[in-house]
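Below is one structure, written out as structure tokens; the observations come after it.
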Amino acid sequence: MEGRSAVDDAALGREAWSVLDANRAGAATVPAPGLYPHQWNWDSTFVAIGVSRCDTRRAGTELLSLLAGQWRTGMVPHIVFQQGRADAYFPGPSVWCSQNHPDAPTGVLTSGLTQPPLHALAVWWMWRHAKDREEARALVRELYPMLVAQHDYLAASRDLGGGGLAAIVHPWESGMDDSPVWDAPLDALTPVPQAYRREPFPDHPLNGHHDRYVWLALRYRDSGYDAAYLREEHPFAVEDPMFNGIWLASCQALAELAPLAGADPGPHREAAERIRAALLERLWAGDAFHALDLRAGRLSPVCTVGCFGPMLDPGLPADRVAKLVSVLESARFMGAAGYPVPSCEIRASQFDRSRYWRGPSWVNTNWLLRQAAVVHGLTGLARLLGACTLRLVRQSGFRECFDPFDGSGRGSRDFSWSAALTLDLLADNVEK
Ligand code: 9WN
């Protein structure tokens with residue numbers, strides 16, 4: 001990075017490793033000390049991506065620990081609970097009751113929701129960077145059937161709109177929980193108030209949304225986590241462009257991994273093409289991909305960082321890529337933010353520089369957009385995103401998210417994916 005020496009980079013790398021080591025709990029890395037004491041789904045994929053640059057085994061262990069929570073349906077839960085810490089987070093195991101479900105794994109307590117399916121991309125990342133090819137090949141063979149089961153689950157049980165995309169059934173499934181995209185579908189619910197113990201976190205959701213989060217989770221649980229209930233009755237069903245863009249990229253990663261596992265890559269390529277066609281047909285809104293609320297039958301009017309997710313697809317038509325890049329680089333996003341990429345477009349009335357997913361910049365979405373720039377050969381954009389992200393963590397530490405105007409840190413400190421993806425970005429600095 002301009003103006004920084006290799007020594008600075010090495011020191012930052014050491015700090016990142018010490019955060020990841022401190023956040024290790026057995027085979028898993030928890031997102032942050034205190035607030036998030038269990039293993040989270042997409043957090044662990046980012047951890048695996050970051051550590052795979054120099055520790056293939058740790059990347060594999062991280063993913064295998066998460067996938068120990070995979071349900072027999074193929075669903076990979078959004079939280080795998082640490083034993084003995086049941087009360088450390090709400091909603092905990094006593095809310096999800098996974099132990100009562102015949103498809104849940106035995107001996108591991110999990111939530112009943114999922115999160116963006118970045119896992120195959122993370123395994124491909126690990127394979128691509130592994131020095132010990134035999135160790136990595138063995139890991140790919142072990143993980144491959146679990147990844148296929150995960151993708152089969154999404155295709156069979158989450159295509160609630162019948163158009164070839166996976167629907168999320170709770171804002172937590174997006175990973176961008178408090179995004180303004182969910183405001184309209186959440187406000188349309190008339191939840192029965194629930195008693196719950198979680199204190200609202202500073203900068204966390206708007207009043208009222210907590211009740212709706214819990215109510216939605218309980219409705220799904222009380223259906224027996226039933227796929228037919230999701231299709232026919234569940235009141236929250238949204239086709240999210242980031243979730244589906246990630247799914248598409250993971251299908252392409254599975255196609256790369258399939259031959260290593262002695263399998264046919266063809267079905268994964270076909271799945272990627274189906275998802276691309278569905279994204280273009282169902283979610284393209286003229287300027288970007290917008291989320292489709294299946295229950296209201298309309299596209300969200302809000303443009304957020306999630307709207308760029310389908311750019312992860314190298315096969316996205318060039319005119320759409322050009323349009324997306326012009327929006328991303330405009331004053332709506334990067335152009336007016338000193339520390340991009342804001343999680344919501346700055347001109348939106350819902351934009352809030354401090355509240356989770358409603359304005360702050362995040363290391364993980366910066367990393368995903370940087371990866372999207374790389375797959376389209378947009379070297380300048382990729383460099384800028386990498387450099388801005390490193391500037392954020394150098395200035396404010398491995399925070400959960402950052403004010404997009406002054407770069408000050410928000411949320412948890414010592415946040416695992418901020419540390420892990422820093423390692424990945426630093427590795428590219430060295431390789432350049
Ligand atoms: C609910 C763990 C998770 C991340 C999400 C982030 C936040 C949880 C919460 O923390 O969500 O899953 O309690 O708000 O929004 O992206 O995976 O870091």
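Just so you know, these numbers use all the heavy atoms, side chains as well, and skip hydrogens, waters and symmetry mates. Source: prediction; values computed, not measured. Order of appearance sets the numbers: ligands from 1, and atoms from 1 within every ligand.
For F308 and F333, the gap between ring centers is short of 6.0 Å. Centroid-to-centroid, the aromatic rings of H170 and Y213 come within less than 6.0 Å. Ring-centre distance between Y220 and W96: not below the 6.0 Å cut-off.
Using a non-hydrogen distance threshold of 4.0 Å, M176 does not register as a contact of ligand 1.
At most 12 non-hydrogen atoms from other residues, nucleotides or ligands lie less than 6.0 angstrom from CD of Q83.
Each of the atoms 1 (C), 8 (C), 9 (C), 13 (O) of ligand 1 lies under 4.0 Å from some heavy atom of Y89. Atoms of ligand 1 found under 4.0 Å from any heavy atom of F415, numbered from 1 in the order shown, are 18 (O). Counting the atoms of ligand 1 from 1 in the order shown, those under 4.0 Å from a heavy atom of G175 are 5 (C), 6 (C), 15 (O), 16 (O). Taking every heavy atom of D177 and a limit of under 4.0 angstrom, the matching atoms of ligand 1 come to 1 (C), 5 (C), 6 (C), 7 (C), 8 (C), 9 (C), 11 (O), 12 (O), 14 (O), 15 (O). Numbered from 1 in the order shown, with element, the atoms of ligand 1 that lie under 4.0 Å from a heavy atom of H78 read 12 (O).
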Would W357 and W182 satisfy side chain to side chain contact (heavy atoms under 4.5 Å, CB included), going step by step from the backbone distance to the final call? CA-CA 11 Å; W357 298 111; W182 325 126; over 6 Å; no

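Residue Y356 has no N or O atom closer than 3.5 Å to an N or O atom of ligand 1. Residue D43 places at least one N or O, backbone or side chain, under 3.5 Å from an N or O of ligand 1. The shortest N or O to N or O distance between Q115 and ligand 1 is below 3.5 Å. Below 3.5 Å of separation, one finds an N or O of W357 facing an N or O of ligand 1.
In summary, of the residues considered (D178, D177, D187), a side-chain hydrogen bond (donor to acceptor under 3.5 Å, both in side chains) with H209 occurs for D187 alone.
Looking at heavy atoms from C-beta onward, L216 lies in side-chain contact with F236 at the 4.5 angstrom threshold.
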